[in-house]
Amino acid sequence: MTRNNNDFFTVNEFAIKTGRGEETVRRWIRQGIIYPAPQFDGYQYRIPGNARKITNFEKLNPSVLLKKESGLLKRIKTDGKKSKYSKQRASA
């Protein structure tokens with residue numbers, strides 16, 4: 001069975017995919033070192049198909065994880081809150 005990046009893995013399936021044990025994957029989830037973050041559906045974790053373990057380099061340089069033109073990066077660069085308030089002040 002082939003999966004695309006929109007599919008989700010269970011902890012067991014992700015462990016098989018990465019060649020690690022289930023407890024190791026659960027530890028990674030608790031430590032927050034799987035990106036994008038797994039979702040808990042009330043019963044089990046669902047891990048996105050494009051998820052991967054974050055390395056120490058990526059922890060030190062989080063911009064590596066952001067796409068070049070991501071919405072979050074644009075808001076950080078342009079300081080969306082500042083421009084929002086400046087428009088309100090100009091109209092007042």
- From Arg26 atom CZ to Gln31 atom CD, the distance as rounded to the nearest 0.5 Å: 14.5 Å

- Find out whether Arg20 and Phe14 are in side-chain contact, i.e. whether some heavy atom of one side chain is under 4.5 Å from a heavy atom of the other. no

- Say you draw a straight line from CD of Glu13 to CG of Asp7; how long is it, rounded to the nearest 0.5 Å? 9.5 Å

- Item | Distance (rounded to the nearest 0.5 Å) between Thr18 OG1 and Trp28 CH2 | 4.5 Å

- Between Pro36 and Ala51, which heavy-atom pair has the shortest distance, and what is it? CD-CA, 3.7 Å

- Report yes if some heavy atom in the side chain of Asn12 is under 4.5 Å from a heavy atom in the side chain of Val25; otherwise report no. no

- Item | pair Arg46-Thr10: side-chain heavy atoms closer than 4.5 Å | yes

- Note on the structure: Of all heavy-atom pairs linking Tyr45 and Pro38, the shortest is CD2-CB, 4.0 Å

- Taking side chain as C-beta onward, heavy atoms only, is Val11 less than 4.5 Å from Gln44? no

- Message: Any salt bridge linking Glu23 with Arg27? Criterion: basic side-chain nitrogen under 4.0 Å from a carboxylate oxygen.
- Response: no

- Atom CD1 in Ile33, atom CD1 in Ile54: separation rounded to 0.5 Å? 7.5 Å

- Please check if the side chain of Lys17 supplies one atom and the backbone of Gly49 the other of a donor-acceptor pair under 3.5 Å. yes

- Query: Measuring from Phe9:CZ to Asn50:CG, what's the distance to the nearest 0.5 Å?
  - Reply: 9.5 Å

- Query: How many angstroms lie between CG in Asp41 and CD in Gln39, if you round to the nearest 0.5 Å?
  - Reply: 9.0 Å

